[in-house]
Every structure is written in C-alpha cells, then in structure tokens.
There are 2 protein chains.
Amino acid sequence: MSKQISSVWAREPRPTRTPGRSREEIVRATLDLLDTEGLDGLSMRKLGARLGSGATTIYWYVENKDELLELAYDHVWGEIALPVPEDLGWRDTITTFAHSMRRVMLFHPWIGSLIGRMPALGPNALSMSDRLRRTFALAGFEGLDIDCANATLTAYVFGTVMPEIAWRSYLSGEQLDQESMRETFEKVAKDFPDLLERVIEVNEKVSDTDTLRETSFAFGLATVLDGLEARLRS
Amino acid sequence: MSKQISSVWAREPRPTRTPGRSREEIVRATLDLLDTEGLDGLSMRKLGARLGSGATTIYWYVENKDELLELAYDHVWGEIALPVPEDLGWRDTITTFAHSMRRVMLFHPWIGSLIGRMPALGPNALSMSDRLRRTFALAGFEGLDIDCANATLTAYVFGTVMPEIAWRSYLSGEQLDQESMRETFEKVAKDFPDLLERVIEVNEKVSDTDTLRETSFAFGLATVLDGLEARLRS
DNA sequence: ACCTGAACACCGTTCAAGT
DNA sequence: ACCTGAACACCGTTCAAGT
C-alpha cells in the first residue's frame, strides 16, 4: 500500500481478457498519430476517433495521457539496433548503436519533447541500457565507470539530436528559399560576424546539409570514444 | 516581402513608445510563472492575471505563445557564466562554462522541454555560441572543426542535463520513501539484475545523490575534453 | 497606440449510466 | 468487463469594439 512512482511501468496492467481493444492496438495508433501529426497532434479525442471508439474508452487501458506517452516513448527505444558487443568489439558496437539511435530519433521527432520530461523506465529502454553497460564492461570499464561511460555516450547522442530535431521542425514549417533564410540570419546574427559568415557559408555552399550533419555527428562521436579510451588507459 | 522564419528574432519588435506594458515586463512575468509552475503552468490567461491585464493584451507585444517561450528561452542562456578564454585557457574556460550551464538549466527545468522544440536564435544564445567558438579557435581548432567541437560540447551538456531534469521532476512529484522506490525499481527492472543491483546500490548506499551526479557529469566532461584534445593532436 | 471581453474551436479528465 | 456521452474546468487565438 506504499506510494509508488506514478508510471505505467510501476503498475500492473489490467488483466487482459483479450476482448475489445488492447494496449498494443492503442500504442500503435498513438505512434501513428505522433509520427504523422507530432506531439501537439495527439489528443485523446483524435486517438479515440482513430480507434473507432469514444475518447474516454482509452482511460480503461491507461491511467492518463502521460502513461500513453510513456508507452510510445519506450516503443521507440525498441527500434534501435544494438549489435552483440562480443562479435564486433566495443568501439564498433557503440558506433553502430549511436548512428542507429540518431536515425530512430530523427524518425520520431516528437521524442525530442519527451526526453527532458519523463525518465526512460520501460523494458526497451532498460534493455538498451543493459546491453550498453555490457558493452562498456567488455571494453574494460569497472564499477561506476560503466555507468558514467554509458551516461556520457547517451548524453552525446541525445544532445546532438535534440537541437537537430528543433532545427528540422523549424525549417520544415514554411518552405523557405535561400534568399529569405539569408535575410533572417543576417538580421538575427548581425552582431556576430564570425558566426554569421559560417552559417551562411554552410547553408549556401554546402549542397548536402544532411551529410554535413552526419559528418559533424561522427566527429563528436569519435571525440567521445577517444575520450573514453583515454579514461580506460589511466 | 519574402517569407521569413517565424521567430521573434526574425521580426522587428513593435516600436515601443514606453507607455503601458513592455516586453521586458512580460518576459519577467513569464519566467516567474515558468520557474514556479513549470511549462504546463504557463497560460496566457494566468500570465495576463499576473500582469493585471486581460490575457489577450499580451498579443499586442508578441505574436503568439511560442514567441513568448522563445523570449524566455533566450533569457536563460544569458544567465550562463562564460569566462574570458584568453585569461583562463580553453580547458578551464570550457569546464567552468559547462558547469555553469548545467546549474542554470537545472534551475529552469522547463528548458528541458524547449531544447528539442525550438532552435536557439536569440542574442544570448548566439553570443554564447560566439564566445564558445572563440574559445575553441584559441584552443587550436580551425574551420568547421570549431563548430564541431562546439556542437560536441553543448551536446554533452544538453544530453546529460535533460534526463537529469526528467528524473528530478519525476521524483519530486510525490514524496517517495526508500521503501517504495526500491519496490518500483524491483518491479520495473526485474529482468535486468545487473542494472537493478547498481540502481539500488546507488540509491541506498550513496547518501548524497547530488554529488554523485556532479561526479558523473565531471567524468563525462573530462571524457569529452580529452577527446577534443586527441582531435587537436591529430 | 494600446487594451478589452466575448466567442470559437479545441483540450484532458471525471463520472454516472449503459451493456 | 468494457464502453459511452455529457459535463467540468481549462486551453490558445481572433476580432470587433472600446479609449
């Protein structure tokens, strides 16, 4: 009877007699709605409509909207590929993992609004954590350092992808031509000539922004991995 | 007449004749409300009430709620201390900066929900970027590497602090005793014994969680800095 | 130039009532 | 056991009207 953390993962789900709706069905519809219309596009009423039921039906399967988001959130972590570290070696395993994580996050941009809001306690998130820990243990980290290495890596990926998501959603809103973007940058950054020059250069001379972003991601990833190796040696 | 990015920073603000309200007053009230009641606690009506005016008055000073958030967002970046790199040397400058950034973010936890949602285009954010770039240039980075180094560092701080924010808000919700937290962890992580053991150990044997988190932050920061130095040498 | 209130089209959630 | 609709207390935003 003690008080629990309020999370879907801390409750027993309703004993499912498999009659009408199911949690999986609801989560699937939630993900659909999130992927197509974004976080603001998800409402209990719309979700109900998509399920061919009243909005309030959902409350039978889930305590509230936040629990629904927890479910969807964890589902995303399940999509990330994490190779078996024993085969590939830790550095390649982590590299593959990090790129996969980035790709999955960019595919579900609404995740960006959840990372700072709810801890990842679901089975997929934990299993990801578990395998990452195994990978770092295999690399030679011990005790708390395993968790620190883990935290550092995930932090890098989170922190890189989140602003990337923000930028993408911003730019995709209206269709912007080069001209008007340049205008905006010039107004906004007029006091920072170095910054302005770089931004304009990158935006106009670089044809493939996506590749640039991936290169930048790889740079940072290599940085983090080198740093981790340095910690292993000391 | 071309289309602009829709951002407060891309518009000319209304010519202020300094009569009634002012943008600064409104932003101050917004920050108050955000700091005390969080992102969900901010509504145009409440804000209006706090300003002693109708909710719709705010729309004279600001196009919409998102612009208000952009204003508040940028204000936070202005609170971060960034030492002059020429005095301290780049490594100490960045270390001081990173810790200050973390502290400021933890003080305004609602920032966690904005980083994945709107790019930082305000003057404070840009000035921060500008000084960080200067610091990394001083360290010896050149060309695009300056921006990559910058992005890597900021990513690490963002990515560390955001889950930290999520955890704090989660745990502070209800007052949880050790007992019930342990119960929750055991239920949630029953399939991951290693993880579970570590979490319980940290939560029960470590008296000062804050210090642990800072230690972990410092570990990752040193990792990133070592990695950056490795890139400088090659 | 600045402020207002009413109105519109939404929200999440509760709850008594239905089957 | 599952589902419903009405109702409550909110939202952001528009707009005609006021000073």
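In what follows, chains are A, B, ... by sequence order, proteins preceding strands, each numbered from 1. Remember, predicted model here, so these are calculated numbers, not experimental data.
- For the pair Glu67(A) CD and dG12(C) P, the computed distance is 15 Å after rounding to whole Å.
- Atoms CG and OG, from Asp40(B) and Ser113(B) in turn, are 7.5 Å apart once rounded to the nearest 0.5 Å.
- We find that CG of Leu47(B) is positioned 13 Å from P of dT4(C), with the value rounded to whole Å.
- Residue Leu68(B) is out of contact with every strand shown, counting any heavy-atom pair closer than 4.0 Å.
- For dC3(C), neither phosphate oxygen OP1 nor OP2 lies less than 4.0 angstrom from any side-chain nitrogen or oxygen of Ser53(B).
- Taking atom CZ of Arg45(A) as the reference point, atom C1' of dA9(C) lies 11 Å away to the nearest angstrom.
- For the pair Ile165(B) and Trp110(B), the minimum side-chain heavy-atom distance is 4.5 Å or more.
- For the pair Ser43(B) and dC11(D), the criterion of a side-chain N or O lying under 4.0 Å from OP1 or OP2 is met.
- The aromatic rings of Phe217(B) and Tyr156(B) sit parallel to each other, their planes meeting at less than 30°, with 60° as the upper class boundary.
- Remark: Met44(B) CE to Thr30(B) OG1 distance equals 8.0 Å, nearest 0.5 Å.
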Worksheet item: When Watson-Crick pairs (N1 to N3 and N6-O4 or O6-N4) and G-U wobble pairs (N1-O2 and O6-N3) count only below 3.5 Å on both distances, what is the dot-bracket string of DNA chain D, with | for other-strand pairs?
Response: ||.|||||...|||||.||

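- Pairing each heavy atom of Gly41(B) with each of Lys46(B), the nearest pair is O-NZ, 3.2 Å.
- Rounded to an integer number of Å, the gap from CG of Leu39(B) to P of dG12(D) is 10 Å.
- We find that OH of Tyr59(B) is positioned 17 Å from P of dA16(D), with the value rounded to whole Å.
- Remark: C1' of dC11(C) and CD1 of Ile58(A) are 13 Å apart, rounded to the nearest angstrom.
- For the pair Lys65(B) NZ and dT14(D) P, the computed distance is 14 Å after rounding to whole Å.
- Atoms CG and CG, from Asn124(B) and Leu71(B) in turn, are 10.5 Å apart once rounded to the nearest 0.5 Å.
- Between Thr57(A) and dT4(D) there is a side-chain N or O to OP1 or OP2 distance below 4.0 Å.
- Taking 4.0 Å as the cut-off between side-chain N and carboxylate O, Arg168(A) and Glu164(A) count as a salt-bridged pair.
- Comparing dC11(C), dC11(D), dG5(C) by their closest approach to the side chain of Lys46(A) singles out dC11(C).
- If you measure from atom CE of Met44(B) to atom P of dC8(C), you get 20 Å, rounded to the nearest angstrom.
- Nearest heavy atom pair, residue Pro119(B) against residue Tyr73(B), reads O-CE2, 4.1 Å.
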Between protein and nucleotides 17-19 of chain C, what N or O pairs are separated by less than 3.5 Å?
none

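- Sequence order on DNA chain C of the closest nucleotides to Asp40(A) and Glu63(A) puts Asp40(A) first from the 5' end.
- Within the structure, every side-chain polar atom (N or O) of Trp60(A) is placed at least 4.0 Å from both OP1 and OP2 of dC3(D).
- Between Glu186(B) and Lys190(B), none of the side-chain N atoms (NZ, or NE/NH1/NH2) sits under 4.0 Å from a carboxylate O, so this pair counts as no salt bridge.
- Contact check, Tyr61(A) against dC3(D): a side-chain N or O comes under 4.0 Å of OP1 or OP2.
- Looking at Asp130(A) and Arg198(B), no side-chain N of the basic residue comes within less than 4.0 Å of a carboxylate O on the acidic one, giving no salt bridge.
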